[in-house]
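This report concerns only the one structure given below.
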Amino acid sequence: MYLIVFDCDGTLADSQDNIMIGFTAAYRSVDLPLPSRDEILETVGLTLNIAFEKLLGRKDPELIERMVKGYQQVVWEMRSKGRDYDPLYEGAIEALKELDGREDVLLGIATGKHSRGMKHLISLHELEGVFTTMQTADVAPSKPNPGMIFQAMSETGVDLENTIMIGDTTFDMQMARNAGVKSVGVTWGYHSADDVKSAGATYVIDHFKELIPVLSEHFKWNKEVA
């Protein structure tokens, strides 16, 4: 069996508008100036408390807890009114369906989102049953800690050699490297191609249509059986 683990924000879903709304609400809730869009998007992939700590440049658990609540409150309000919708990137659905259709492939998620938000996105895009394992901020340590990948492998019984991580950030690539698995860096997300290459991406792709050919080559799915 092969385990293909996907990041969510910036890899499967283009969620930057909702992310910016959440961060704006978080900073307003504690009356602090909002960092630039680029600075905020550089933290995508980290769990919220770690992202705020990175942006603030200091540890302040009480302040950060208030900011997390401010972020979550506005997201929950948008969700309850049906106003949040993170579109999937072009080609994502097709790639997921093709991989899900293989009997020898299991799909997983490793994301800085909480499970509630991830389940909501899965429901929106009718992806129920596609992902065998789902590692989120409330069940695993933040990237680049390798815990998400280790837990995904444990839940599926797939070994290191048959596991690969797909993501758009340096945190994804570092997590994969820390876990000892190969990785595919995508360039349509929130970190640059140079960044993911420098962080140790095994492969780098520019379009979703390139993913399955890369996986086929890596896992030798196209190799003829003698």
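In this chain, residues are counted from 1 in sequence order.
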Nearest heavy-atom neighbours spanning Gly22 and Val74: CA-CG1, 3.8 Å
Side chain proximity check, Tyr203 to Glu210, heavy atoms < 4.5 angstrom: no
Considering all heavy atoms, the nearest Ala152-Val5 contact: CB-CG2, 4.5 Å
Taking distance alone, no hydrogens or angles, what donor-acceptor pairs closer than 3.5 Å link side-chain atoms of residues 118-128 to residues at least two apart or in another chain?
unit_1 : atom_1 : unit_2 : atom_2 : d
His120 : NE2    : Asp84  : OD1    : 3.4
His120 : NE2    : Asp84  : OD2    : 3.3
His125 : NE2    : Asp86  : O      : 2.7

Sub-4.5 Å side-chain heavy-atom contact between Asp60 and Glu62: yes
Under the salt bridge (charged side-chain N to carboxylate O under 4.0 Å, His left out) test, residues paired with Lys209 that sit two or more places apart: none
Shortest non-hydrogen contact from Ser15 toward Gly10: OG-N, 4.5 Å
Atom CD of Glu98 with >12 non-hydrogen neighbours under 6.0 angstrom: no
Distance in Å, Ile166 CD1 paired with Phe6 CZ, rounded so as to fall on 0.5 Å steps: 5.5 Å
By salt bridge (charged side-chain N to carboxylate O under 4.0 Å, His left out) - contacts of Asp17 (at least two apart): Arg37
His114 side-chain N/O to Ala137 backbone N/O, donor-acceptor pair under 3.5 Å: no
Common cluster, Met148/Leu3, ILVMFWY with side-chain heavy-atom separation under 4.5 Å: yes
Donor-acceptor under 3.5 Å (Gln73 side chain, Gly70 main chain): no
Qualifying side-chain hydrogen bond (donor to acceptor under 3.5 Å, both in side chains) pairs with a residue from residues 49-58, counting only residues at least two apart or across chains: Thr47-Asn49
Main-chain N/O of Gln16 paired with Tyr190 side-chain donor or acceptor, under 3.5 Å: yes
Which atom of Met134 lies closest to which atom of Val139, heavy atoms considered: O-CG2, 4.1 Å
Nearest-0.5 Å distance that lies between atom CG in Asp14 and atom CG in Leu88: 9.5 Å
Side-chain cluster (under 4.5 Å, hydrophobic types only) that Val204 belongs to, other residues: Met173, Val196
Connected-component partners of Phe171 among ILVMFWY, side-chain separation under 4.5 Å: Leu46, Ile50
Stepwise salt bridge (charged side-chain N to carboxylate O under 4.0 Å, His left out) check, Lys69 with Glu65: CA-CA 6 Å; Lys69 288 181 178 178; Glu65 182 179 359; 3.6 Å; yes
Test log, rule side-chain contact (heavy atoms from CB on, under 4.5 Å), inputs Leu215 and Trp221: CA-CA 8 Å; Leu215 295 176; Trp221 287 342; 3.8 Å; yes
Evaluation steps, side-chain hydrogen bond (donor to acceptor under 3.5 Å, both in side chains), between Glu155 and Gln151: CA-CA 6 Å; Glu155 289 180 8; Gln151 289 180 192; 5.1 Å; no
Expected output: side-chain Thr24 to main-chain Met20 donor-acceptor under 3.5 Å: yes
Phe150-Met165 co-clustered via ILVMFWY side chain contacts under 4.5 Å: yes
Same apolar cluster (I L V M F W Y, side chains within < 4.5 Å links), Leu12/Ile19: yes
CD1 on Ile212 to CD on Glu94, rounded to 0.5 Å: 9.5 Å
Please list every donor-acceptor pair under 3.5 Å in which a side-chain atom of residues 175-187 meets a protein atom from a residue at least two apart or in another chain.
unit_1 : atom_1 : unit_2 : atom_2 : d
Arg177 : NH1    : Ala199 : O      : 3.3
Asn178 : ND2    : Pro144 : O      : 2.9
Asn178 : ND2    : Gln174 : O      : 3.2
Ser183 : OG     : Thr202 : N      : 3.3
Thr187 : OG1    : Ile205 : O      : 3.4
Thr187 : OG1    : Asp206 : OD1    : 2.8

N/O donor-acceptor pair under 3.5 Å between Asp172 side chain and Thr169 backbone: yes
Transitive ILVMFWY side-chain link Val44 to Tyr89, under 4.5 Å: yes
Lys143/Asp7 ion pair, N-O < 4.0 Å: yes
side-chain contact (heavy atoms from CB on, under 4.5 Å) evaluation trace for Met67 with Leu56: CA-CA 11 Å; Met67 296 175 77; Leu56 291 169; 3.9 Å; yes
With Pro35 via side chain to side chain contact (heavy atoms under 4.5 Å, CB included) - residues at least two apart: Tyr27, Glu39, Ile40, Leu55
CD1-CG distance between Ile4 and Leu106, expressed to the nearest 0.5 angstrom: 9.0 Å
Test side-chain contact (heavy atoms from CB on, under 4.5 Å) applied to Ile109 and Gln135, step by step: CA-CA 6 Å; Ile109 285 288; Gln135 307 304 320; over 6 Å; no
Donor-acceptor side-chain pairing of Thr163 and Glu161 below 3.5 angstrom: no
Contacts of type salt bridge (charged side-chain N to carboxylate O under 4.0 Å, His left out), residue Asp168, not counting sequence neighbours: none
Ser192 and Asp195 side chains, donor-acceptor separation under 3.5 Å: yes
Nearest non-hydrogen partners of Ala26 and Phe52, listed with the distance: CB-CZ, 3.5 Å
Inter-residue atom distance Lys113.NZ - Leu48.CG, 0.5 Å rounding: 9.5 Å
Pairwise distance CE(Met153) to CG(Asn162) - rounded to 0.5 angstrom: 11.0 Å
Residues which pass ring-ring contact (aromatic ring centres under 6.0 Å, His included) with Phe208, listed by chain and number, not counting sequence neighbours: Trp188
Verify same cluster id: Leu160, Ile149 (apolar side-chain graph, 4.5 Å): yes
With sequence neighbours excluded, residues passing ring-ring contact (aromatic ring centres under 6.0 Å, His included) with Tyr71: Phe23
Considering all heavy atoms, the nearest Asn18-Met78 contact: OD1-CE, 3.7 Å
Residues in salt bridge (charged side-chain N to carboxylate O under 4.0 Å, His left out) contact with Asp38, at least two apart in sequence or another chain: none
